[in-house]
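Let me begin by presenting the structure, written as C-alpha cells, before commenting on it.
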Amino acid sequence: MVTALELGVLVVAIALLLGSYRIIHAVRPFIVNAVVGLLALILAALFGYGVEITPIVLLIVAIGGLPGAILVALLAYLGIAFTPVVL
C-alpha cells in the first residue's frame, strides 16, 4: 500500500527533476558560448595573441560568444585589458 509520505517524496522528486531541467535548459546557451569563445581564445593564443583567462573573461565570452572572444582578444592585443601577466 502506498503511503502519503511515499507520494510526497515522489511529488518532490518530480518537482526537483522538472526544476533542474528548466535550469539546465536556460544555462545551455551560455555553456555553448563559453566553449566556443574559449576555443577562439586558445586559437588566438596559438597565433601569439595571449589573453589571460579570468572569471571576467569567462563571463564576457559566455554572454558574447565568438564576438565577445574577438573583443577580448582585440583588447588584449592593444594592451588595454586582459593582458597576460609576465613574471
Side-chain angles (χ1 to χ4, degrees):
M1 177 164 230
V2 178
T3 64
L5 179 64
E6 290 172 339
L7 284 176
V9 169
L10 181 63
V11 168
V12 168
I14 290 173
L16 288 175
L17 183 66
L18 291 175
S20 64
Y21 172 76
R22 291 184 133 214
I23 290 172
I24 290 172
H25 186 70
V27 172
R28 185 177 301 154
F30 293 112
I31 294 171
V32 171
N33 279 345
V35 169
V36 169
L38 284 177
L39 288 176
L41 291 178
I42 290 170
L43 186 64
L46 290 176
F47 288 112
Y49 303 112
V51 176
E52 183 178 0
I53 306 297
T54 63
I56 301 293
V57 170
L58 289 177
L59 184 64
I60 292 170
V61 170
I63 292 173
L66 188 59
I70 292 171
L71 175 68
V72 167
L74 182 64
L75 289 174
Y77 176 72
L78 295 174
I80 297 171
F82 313 118
T83 56
V85 177
V86 178
L87 296 177

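We use all heavy atoms of the structure for the numbers below, so side chains are in, but hydrogens, waters and symmetry mates are not. We're numbering straight along the sequence, starting at 1.
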Quick check on the hydrophobic clustering: are Leu18 and Leu7 connected, directly or via other members, by side-chain heavy-atom contacts under 4.5 Å? no
Correct closest heavy-atom pair for Ala69 and Ala40 would be CB-CB, 4.0 Å
Answer whether the closest heavy-atom distance between the side chains of Val57 and Leu38 falls below 4.5 Å. no
To the nearest 0.5 Å, what is the distance between CG on Leu66 and CG on Leu41? 9.0 Å
Tell me the closest heavy-atom pair linking Ala76 and Phe82, and the distance in Å. CB-O, 3.6 Å
Leu39 with Ile70, same ILVMFWY side-chain cluster at under 4.5 Å: no
If hydrophobic clusters are built by linking Ile, Leu, Val, Met, Phe, Trp and Tyr wherever their side-chain heavy atoms come under 4.5 Å apart, do Val61 and Val36 end up in the same one? no
Run the ring-ring contact (aromatic ring centres under 6.0 Å, His included) test against Tyr21 and tell me which residues pass, sequence neighbours left out. His25
Does anything in residues 51-76 form a ring pair (Phe, Tyr, Trp, His ring centres under 6.0 Å)? List the pairs, not counting sequence neighbours. none
When you group the ILVMFWY residues by side-chain heavy-atom contacts below 4.5 Å and let the links chain together, are Leu58 and Leu71 in the same group? yes
Any chain of hydrophobic side-chain contacts (each under 4.5 Å) joining Ile24 to Ile31? no
Spacing of CD1 belonging to Ile23 relative to CG belonging to Leu16, to within rounding of 0.5 Å: 9.5 Å
Kindly write out the residues that satisfy ring-ring contact (aromatic ring centres under 6.0 Å, His included) with Tyr77, not counting sequence neighbours, or none if the list is empty. Tyr49
